[in-house]
There are 2 protein chains.
Amino acid sequence: MRTENPKKTSPAGIPAGVIRRLPLYHRYLSDLAQREVERVSSRELAARMKMSASQLRQDLSWFGSFGQQGYGYRVDDLLTAVNRILGLNTTNRMVLIGAGYLGRALINYENFYRKGFLLTAIFDHDPQKIGKSINGLVVKDVAELGDFLHEQSVEIGIITVPDFAAQEIADLLVEGGVKGIWNFAPVSLKVPDDVCVEHVHISESLMVLSFKINQRASARDHG
Amino acid sequence: MRTENPKKTSPAGIPAGVIRRLPLYHRYLSDLAQREVERVSSRELAARMKMSASQLRQDLSWFGSFGQQGYGYRVDDLLTAVNRILGLNTTNRMVLIGAGYLGRALINYENFYRKGFLLTAIFDHDPQKIGKSINGLVVKDVAELGDFLHEQSVEIGIITVPDFAAQEIADLLVEGGVKGIWNFAPVSLKVPDDVCVEHVHISESLMVLSFKINQRASARDHG
DNA sequence: TAGATTGTTAATCGATTAACAATC
DNA sequence: TAGATTGTTAATCGATTAACAATC
């Protein structure tokens, strides 16, 4: 039986680890769906994902029951469920602030559209960029951001500006009523509790890589 | 007394959570150092970082003792120690494959140089890009990647190519002897155990944001 | 039906927090 | 010295894994 009423009513919320694994489930299920695989067991899927079947089933149980005993999961159904859990079944309108290379990389990422993310405006501070068209959107002056947000309903603000300007933009986004901020600047943004922030840890990630390489090197030398 | 001989000899390795927090320590300590703060206690630093002082001290103890009872930590000394732990005190040579917007964003990120990361070559598949100069480096044909890696010593390969090409590039990098791969393609790369991979979860991060927004919305409606 | 596999409860493992002796 | 704060050990908490009754 497939339901979407979680057995465990999540009182303190869903663990962060579970949430971080949801996009992985999405990716692997999309792969299977694209290859027209009809059914998959927790054992098979978990093996592909290099995790335990227990954990996979435990994770899903936070959101409901999506499988059938003795059968496993219908790939399409589970993917649909994961899409809904992730909020990919509704349109998320976004604005992007900072039309540098990183901003442009995101603007060009067409997969977002397929997943229900819709970029509605691009802002920049640089007069050289303002007025230019990128992917069919004219870059607006960041001075207009506040007004724009009051006129248009926007769920997500994307921050791809230099570090020092990030908090200022975040304040404007919050004031403009966005529900979430996708932050690429390596700073901890201060926002009210009702606004979600997802920080993409680019430089942090490179340092972790450096650590691992170094760690391995010293293990070889000393160990 | 400040030493760098860990008390606990890490048998199974340092927990992933500890490793992920190291760049954070680096950032906050850099901030303090820049503001010429001389000393900091675990309590103060932890409060800034919104974590417990216990956890901070526990984390550091994996690598040695860097403080003084009754005093705390000398900011400079602790930052130096964290830099060394992260491997930022040595030069990490890098090549980048994929000179699209994302690749260019990374090429332009000057902070990397300050942290000991040195970009030595840029590769692309596109004849339009090959031969052009970016930040003083001439873009090479990706067909030359293998030869280049055999001639030059390179620690890190940066993959900013489209998804479908990522594994192929990873294979070339591995064959060329890199120690680590910084991967921006949303695919799980298959590499030997002695090569480290750090995956930057860009699209995954947006889905997590979508989830959180959606979660909060449904909590407001139903809760 | 018999075999397979789920959803969930119980057991284990690891990470975080609390506490405190050591000591600057 | 007395007060403060570390490094570390013990206690708690949460997440992962194992096991199994329910059932397709």
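Residue numbers start from 1 in every chain, and the chains themselves are labelled A, B, ... in the order their sequence lines are given, proteins ahead of strands.
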Side chain to side chain contact (heavy atoms under 4.5 Å, CB included) against A/Glu175, all qualifying residues, sequence neighbours excluded
A/His150
Could you state the atom-to-atom distance from CD of A/Gln69 to P of D/dC24 in whole Å?
6 Å
Taking A/Ser205 for the side chain and B/Val200 for the main chain, is one N or O donor matched with an acceptor at less than 3.5 Å?
no
Under 3.5 Å: donor-acceptor pair, side chain of B/Ser210, backbone of B/Leu206:
no
Any side-chain heavy atom of B/His26 sitting closer than 4.5 Å to one from B/Lys115?
yes
With sequence neighbours excluded, residues passing side-chain hydrogen bond (donor to acceptor under 3.5 Å, both in side chains) with A/Asp163:
none
Whole-Å distance, A/Leu78 CG to C/dG7 C1', equals 14 Å
Side chain proximity check, A/Leu119 to A/Val95, heavy atoms < 4.5 angstrom
no
Roughly how many Å is it from CD1 in B/Ile14 to P in C/dG14, rounded to a whole number?
16 Å
Listing request: all ring-ring contact (aromatic ring centres under 6.0 Å, His included) pairs with a residue in residues 171-192 of chain A, at least two apart in sequence or in separate chains.
A/Phe112-A/Trp182, A/Trp182-A/Phe184
When you measure from the side-chain N and O atoms of B/Arg20 to the phosphate of C/dA15, is any distance below 4.0 Å, counting only OP1 and OP2?
no
Can you see if the side chain of B/Tyr73 gets near the phosphate of C/dC24 - specifically, an N or O under 4.0 Å from OP1 or OP2?
no
Atom CH2 of B/Trp62 to atom P of D/dT8: distance rounded to whole Å?
12 Å
Select from A/Gly70 and A/Pro15 the residue whose nearest nucleotide in DNA chain D is closer to the 5' end of that strand.
A/Pro15
Just the rounded figure in Å: distance from P of D/dG7 to OH of B/Tyr71.
13 Å
Length of the CG-P vector between B/Leu60 and C/dT16, whole Å:
14 Å
Enumerate the residues from residues 34-57 of chain B whose closest heavy atom to DNA chain D is under 4.0 Å, giving them by residue number; use none for an empty result.
B/Arg39, B/Ser41, B/Ser42, B/Arg57
Do any pairs count as a salt bridge (Lys or Arg N to Asp or Glu O under 4.0 Å) and have a residue in residues 16-44 of chain A, sequence neighbours left out, and if so which ones?
A/Arg21-A/Asp59, A/Arg27-B/Glu204
So, the side chain of B/Ser42 versus the backbone of B/Arg57: is there a donor-acceptor pair under 3.5 Å, distance only?
no
Check: D/dT17 base within 3.5 Å donor-acceptor of A/Gln58 side chain:
yes
Using atom CD1 of B/Ile19 as one end and atom P of C/dA15 as the other, report the distance to the nearest whole Å.
11 Å
For B/Gly17, report the nucleic acid contact type (base, sugar-phosphate, nothing); a contact means any heavy atom under 4.0 Å.
nothing
For A/Arg74 and C/dT5, give me the distance from atom CZ to atom P, rounded to whole Å.
16 Å
Parsed dot-bracket for DNA chain D after applying the Watson-Crick and G-U rules with both distances under 3.5 Å and | for other-strand partners is ..||||||||||||||||||||||
